[in-house]
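The next block holds one structure in the form of structure tokens; read it before the comments.
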Amino acid sequence: MAKEQTAEKGITSRAEDFAAWYNDVVLKAELADYSPVRGCMVIRPRGYRIWELMQRALDDLFKETGHENAYFPLFIPQSFLAREAEHVEGFSPQLAVVTHGGGKELEEPLVVRPTSETIIYAMLSKWIQSYRDLPVLLNQWANVVRWEMRTRLFLRTTEFLWQEGHTAHATAEEAEAEARTILGVYRRFMEEWMAMPVLTGQKTDAEKFAGAVRTYSCEALMQDNRALQAGTSHFLGQNFARAFGVQFQTAQGDMDYVWSTSWGVSTRLIGGLVMTHGDDVGLVCPPRLAPLQVVVVPIWKSDTDSGSVLEAARRVEDALRAGGIRVNVDDRESMTPGAKYYYWELRGVPVRLEVGPRDVAQGQVVLARRTGGKVPVPVASVLESVKAALEEIQAELLRAARERREANSLRHVNRDQLTEYMEAGGGFAYGGFCGSPECEVEIKERTKATIRVLPDPEFRSDPPPASCAWCGKKAVTEAVWARAY
RNA sequence: CGGGGCGUGGCGCAGGCCGGUAGCGCGCCUGGUUUGGGACCAGGAGGUCGCCGGUUCAAAUCCGGCCGCCCCGACCA
């Protein structure tokens with residue numbers, strides 16, 4: 001509680017205590033707050049706006065790839081979960097169960113969805129008869145509940161918001177392709193909108209989704225060198241189809257079970273955004289997801305100035321807004337310009353425009369970037385200047401994050417290096433893996449690092465590692481280890 | 001569940017050992033002067049000291065019990 005603060009009005013520095021820094025940023029930038037219910041959070045307007053912008057971008061990408069939104073119920077009959085053996089085993093400890101309704105005990109308890117595979121496949125079994133009904137490409141935006149032991153704002157809360165895609169296909173190849181397509185969509189969103197670079201690859205059996213044949217993942221590296229699983233896409237094979245009897249008649253007239261996928265990203269991404277770009281001043285929001293992209297701060301020395309300055313600020317605001325920029329004039333009179341700078345920097349606004357009497361006289365405004373640097377720009381071309389600055393900031397954030405990740409990656413690790421690297425604070429450690437669960441478990445116990453992914457080809461090392469980083473036997477694949485959130 | 005920390009105006013904290021009826025900074029409200037990197041002056045509002053019980057003439061303070069929150073670990077998007 002009594003955490004040393006960098007300044008009276010400031011936040012804990014990252015170097016001093018990263019977890020405290022994260023909480024400070026989330027709370028003080030007003031993204032979220034703790035709720036009266038343990039483990040649950042309130043997403044405040046500033047945080048929810050980021051989520052809305054994420055939703056819009058992702059939803060467009062899903063639609064472009066042929067998906068449709070639908071909505072399935074929050075409550076799922078308890079027996080549904082039990083139908084898929086691994087699935088029930090994986091989720092049972094995390095379920096919230098409703099036993100009473102309308103003042104009476106229910107005949108069958110209802111679980112609050114931890115994910116919706118079961119109820120969706122129960123419905124698909126009704127809707128799908130023929131190969132002509134396939135593929136089914138669904139997505140839903142929803143809340144889910146998982147009773148976590150330990151929670152953290154955005155990163156892990158009892159209830160969270162996400163999207164879950166569920167698709168059914170006639171062939172394994174098509175379902176596999178779907179799972180990979182979505183992984184690419186996620187990666188594109190994370191890099192192009194969030195400016196958060198990710199490694200993609202496959203999860204080991206120990207790390208995969210309960211009920212999946214294969215799980216693919218996007219993994220990002222946070223500033224404290226811990227990995228964040230940012231999005232997952234699962235090839236479910238026929239596991240759920242068999243459990244729920246989702247059969248279709250093929251063109252040849254045979255009966256077969258559908259091949260399916262599921263995939264999701266959640267409000268956890270907001271936590272990833274904070275921990276990828278934030279600094280000791282506060283939030284740094286990538287322009288494409290910034291609730292407010294530009295704040296205009298008027299500066300005046302006398303009443304005679306204030307009229308013309310405010311008028312100039314309004315004209316700039318109008319011009320930018322007409323150009324599609326999310327902008328506001330901070331015309332509060334009770335706060336000095338300097339105080340407003342700190343206020344908006346904490347909240348992550350990428351660009352600030354300062355407008356004072358001198359600027360008005362010279363037909364200019366001062367453009368200050370959240371990432372550093374101030375330059376005067378002509379009012380006449382302010383929209384172009386702002387657009388260019390926002391694009392540059394967006395690109396710069398991605399580049400900086402990618403550089404940081406590479407600077408905190410180590411290739412071709414052996415046993416000692418892996419151990420030392422994780423003890424020294426870690427990052428992504430690439431090395432050979434023999435594929436044995438024994439090595440995987442032992443590494444986790446000794447180093448607290450888990451295999452984040454078996455990386456996709458473009459992330460693999462050249463030359464490929466020949467032997468297992470741990471046991472030294474022949475490597476069957478390359479793996480990337482990290483301590484994770 | 002184990003380990004650590006903490007509950008006192010909205011926020012951050014002091015007071016607690018040595019019981020005597022609550023204070024500081026920030027914020028907030030009113031008025032005025034201000035405004036190119038966290039303004040200043042004056043006045044003002046705001047607290048069942050986490051909860052329950054005990055000791056005492058008297059409890060924020062001492063004793064017992066309980067509750068909650070945060071951080072670290074076991075579980076996980």
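None of these values were measured; they are calculated from a predicted model. The sequence lines fix the lettering, A, B, ..., with proteins before strands; numbering per chain opens at 1.
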Using the six-membered ring of [Y], assess whether NZ or CZ of [X] lies under 6.0 Å from its centre and within 45 degrees of the ring axis.
X	Y	value
Arg214(A)	Phe209(A)	no
Arg38(A)	Trp147(A)	no
Arg83(A)	Phe80(A)	yes
Arg44(A)	Tyr48(A)	no

*Nearest-nucleotide pick for Arg152(A), side chain only, options being G37(B), A77(B), C71(B)*: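 Ranking G37(B), A77(B), C71(B) by closest atom to the Arg152(A) side chain puts C71(B) first.
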
_As a test of reading the structure: which of G37(B), G38(B), A77(B) is closest to the side chain of Arg352(A), going by heavy atoms?_
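Closest of the options to the side chain of Arg352(A): G37(B).
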
Taking atom [atom1] in both [N] and [M], compute the distance separating them and give it to the nearest angstrom.
N	M	atom1	answer
G23(B)	U48(B)	P	14 Å
A74(B)	G20(B)	P	46 Å
C70(B)	U55(B)	P	36 Å
C17(B)	G64(B)	P	14 Å
G50(B)	A45(B)	C1'	25 Å
C29(B)	G10(B)	P	15 Å
G43(B)	G25(B)	P	13 Å
C63(B)	G2(B)	C1'	27 Å

*Please determine if a side-chain N or O atom of Arg146(A) lies less than 4.0 Å away from the OP1 or OP2 oxygen of A77(B).*
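Arg146(A) to A77(B) OP1/OP2: no side-chain N or O under 4.0 Å.
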
Are [X] and [Y] close enough that a side-chain donor and a side-chain acceptor fall under 3.5 Å?
X	Y	value
Trp162(A)	Asn143(A)	no
Glu148(A)	Gln94(A)	yes
Thr215(A)	His234(A)	yes

Would you give the length of the straight line joining atom [atom1] of [X] to atom [atom2] of [Y], rounded to the nearest 0.5 angstrom?
X	Y	atom1	atom2	value
Glu317(A)	Leu310(A)	CD	CG	9.5 Å
Ile119(A)	Phe244(A)	CD1	CZ	9.0 Å
Met275(A)	Ile270(A)	CE	CD1	12.0 Å
Cys40(A)	Glu159(A)	SG	CD	6.0 Å

Once you round it to whole Å, what is the distance between [atom2] of [N] and [atom1] of [X]?
X	N	atom1	atom2	result
Asn23(A)	C69(B)	CG	C1'	12 Å
Asp17(A)	C70(B)	CG	C1'	11 Å
Arg38(A)	G68(B)	CZ	C1'	9 Å
Tyr34(A)	G10(B)	OH	P	19 Å
Met149(A)	A77(B)	CE	C1'	16 Å
Glu148(A)	A74(B)	CD	P	13 Å
Ile43(A)	A77(B)	CD1	C1'	14 Å
Trp147(A)	C1(B)	CH2	C1'	16 Å

Quick one: label [X] by what it contacts on the DNA or RNA (base, sugar-phosphate, nothing), any heavy atom closer than 4.0 Å.
X	result
Thr232(A)	nothing
Lys374(A)	base
Glu219(A)	nothing
Leu228(A)	nothing

*Does a distance-only test, which skips hydrogens and angles, find a donor-acceptor pair under 3.5 Å between the side chain of Glu345(A) and the base of G38(B)?*
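Counting by modelled atom types and ignoring angles, no donor-acceptor contact under 3.5 Å is found here.
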
*asked:* Are there over 12 heavy-atom neighbours, none belonging to Glu89(A), within less than 6.0 Å of that residue's CD?
replied: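 At most 12 heavy atoms, drawn from other residues, nucleotides or ligands, come within 6.0 Å of this atom.
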
_Structure string for RNA chain B in dot-bracket form, Watson-Crick and G-U at under 3.5 Å, | interchain_ = ((((((((.[[[[.)....(..]]]].((((((.....)))))).....[[[[[..)....]]]]])))))))....

*Given that Tyr342(A) and Phe154(A) both sit by RNA chain B, which one's nearest nucleotide is further toward the 5' end?*
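Its nearest nucleotide lies further toward 5', so the answer is Tyr342(A).
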
*Residue whose nearest RNA chain B nucleotide is more 5′ - Leu153(A) or Thr157(A)*: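 With Thr157(A) and Leu153(A) compared, the 5'-side residue is Leu153(A).
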
Using a cutoff of under 3.5 Å, can you pull out all pairs of nitrogen or oxygen atoms linking the protein to nucleotides 32-36 of chain B, with atom names and distances?
| residue | atom | partner | partner atom | Å |
| --- | --- | --- | --- | --- |
| U35(B) | OP2 | Lys301(A) | O | 2.5 |
| U35(B) | O2' | Trp300(A) | O | 2.9 |
| U35(B) | N3 | Trp300(A) | NE1 | 3.1 |
| U35(B) | O4 | Trp300(A) | NE1 | 2.6 |
| G36(B) | N7 | Arg358(A) | NH1 | 3.4 |
| G36(B) | O6 | Pro357(A) | N | 3.2 |
| G36(B) | O6 | Arg358(A) | N | 2.7 |
| G36(B) | O6 | Asp359(A) | N | 3.4 |
| G36(B) | N1 | Asp359(A) | OD2 | 2.5 |
| G36(B) | N2 | Asp359(A) | OD2 | 2.9 |

*Ala179(A) and Phe235(A): which non-hydrogen atoms are nearest, and at how many Å?*
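For Ala179(A) versus Phe235(A), the nearest heavy atoms are CB-N, 4.3 Å.
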
_Whether the side chain of Tyr121(A) engages the backbone of Ser116(A) through a donor-acceptor N/O pair (distance < 3.5 Å, no angle test) should be reported._
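Looks like no, no N/O pair under 3.5 Å.
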
*asked:* Any residue in residues 83-92 of chain A with a heavy atom nearer than 4.0 angstrom to RNA chain B? Just list them by number, or reply none.
replied: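 None - not one residue of the stretch has a heavy atom sitting under 4.0 Å from the strand.
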
